[in-house]
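Residue numbers count from 1 along this sequence.
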Amino acid sequence: MLNYRHLHYFWVVTKEGGFARAAERLDMAVQTISAQVRELEKALGHQLLKPSGRGVALTEAGQAAFARAEEIFQLGQVIPDEVREAASGKVARLAVGFSDGISKLAAHALLEPVLATANLRLVCHEGEFEQLLGELALHHLDLVLAGQAAPRNPNLRLSSERLVDAPVEWYGPVRMVGKTERDRFPQSLNDLPVLLPTGHSTLRTTLEHWFETQGLRPRIVGEFEDSALLAVFAARGLGVFPVSRLGADDIGLMRGLRLLGSAEGVKEEIHAIRSRRGQHHPLVQKMMAAAAAGTDG
């Protein structure tokens with residue numbers, strides 16, 4: 001068994017950049033900490049630290065050990081708060097990861113059924129797909145919303161379910177979207193400034209294929225990772241933009257936008273990815289049930 005106390009001393013030495021500063025932080029003798037780190041190196045069979053100036057630096061083996069130690073002790077730091085919250089029954093915590101490129105407007109619509117939960121503490125992270133799956137596997141997240149399903153990997157033990165397959169509609173500023181533009185849609189996109197999600201979005205790939213099949217060559221004036229930010233710039237008059245029908249409900253909050261038309265055959269998918277623990281989270285279950293009811297309806 002790995003001695004986690006020895007691992008903790010190694011982690012602190014690395015964080016502090018040397019044994020002396022680690023000893024001061026831990027209020028222990030330098031010799032004691034040094035001996036414990038040597039025991040860890042002996043147990044692992046590799047040197048983890050090497051002298052560097054007045055301090056120490058990580059070896060390649062040490063870098064691998066430190067990366068895992070960082071995950072372990074960062075997770076350990078939140079355990080007291082989570083235990084206290086669970087014991088008090090006062091806080092309902094939900095940690096959600098949003099994959100890059102996903103429509104934030106649609107994601108907000110999916111989470112809306114749980115937003116009125118008493119004493120809710122909603123924690124939202126945005127990141128790359130693979131990074132979020134790693135956070136989910138480590139139970140740092142309860143749920144990941146992404147534009148694609150999780151890859152089949154038995155080591156991660158994740159489940160994936162498609163929540164949304166929503167039609168995509170185009171909106172734009174009132175001054176740009178008149179009767180003529182609506183009647184000529186989608187050909188009117190050739191004559192209007194167009195805002196799009198950035199290339200890493202799954203929807204962007206779908207739209208580019210749709211442009212090709214429709215014979216469209218739009219003039220792209222802006223690209224945005226965040227769909228909500230995209231809508232803000234559109235509402236301020238920069239151009240017209242696509243949004244899933246699920247996210248279009250939030251568009252009503254922004255004055256000055258008007259429906260231009262519906263992109264036939266174009267849909268945005270959103271998948272819910274959960275770990276085994278996340279499958280039993282009551283707020284995740286509530287959100288999934290509401291999404292299923294909406295799909296059935």
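Looking at Ser99, its side chain never comes within 3.5 Å of a backbone N or O of Ala146 through a donor-acceptor pair. Formation of a donor-acceptor pair under 3.5 Å by the Ser160 side chain with backbone atoms of Ala150 is found in this model. Not one N or O on the side chain of Arg93 forms a donor-acceptor pair closer than 3.5 Å with the backbone of Val123. Between the side chain of Arg182 and the main chain of Val177, no donor-acceptor pair closer than 3.5 Å is present. Judged purely by atom type and a 3.5 angstrom limit, Ser201 has no side-chain atom pairing as donor or acceptor with the backbone of Thr198.
Separation of atoms CG (Leu132) and CD1 (Ile273) is listed at 8.5 Å; rounding is to 0.5 Å. Taken to the nearest 0.5 Å, the CD atom of Gln214 stands 15.5 Å off from the CZ atom of Arg217. Of the inter-residue distances, the one linking Ser275 atom OG with Leu133 atom CG reads 11.0 Å to the nearest 0.5 angstrom. Atom-to-atom distance recorded for Leu145:CG and Leu163:CG is 6.5 Å, nearest 0.5 angstrom.
A side-chain donor-acceptor contact under 3.5 Å links His6 and Gln36. Side-chain contact, Ser34 with Arg38: a donor N or O sits under 3.5 Å from an acceptor N or O. Side-chain polar atoms of Glu268 and Ser244 form a donor-acceptor pair below 3.5 angstrom.
Annotation: Phe98 is not in aromatic contact with His125 [ring centroid separation under 6.0 Å not met].
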Exercise. Evaluate salt bridge (charged side-chain N to carboxylate O under 4.0 Å, His left out) for Arg219 paired with Asp191, printing each intermediate quantity in order.
Key: CA-CA 8 Å; Arg219 177 169 59 92; Asp191 305 316; over 6 Å; no
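Ring geometry for Tyr171 versus Phe241: interplanar angle of 30 to 60°, hence tilted. Aromatic ring orientation, Trp170 versus Phe211: tilted (interplanar angle from 30° to 60°).
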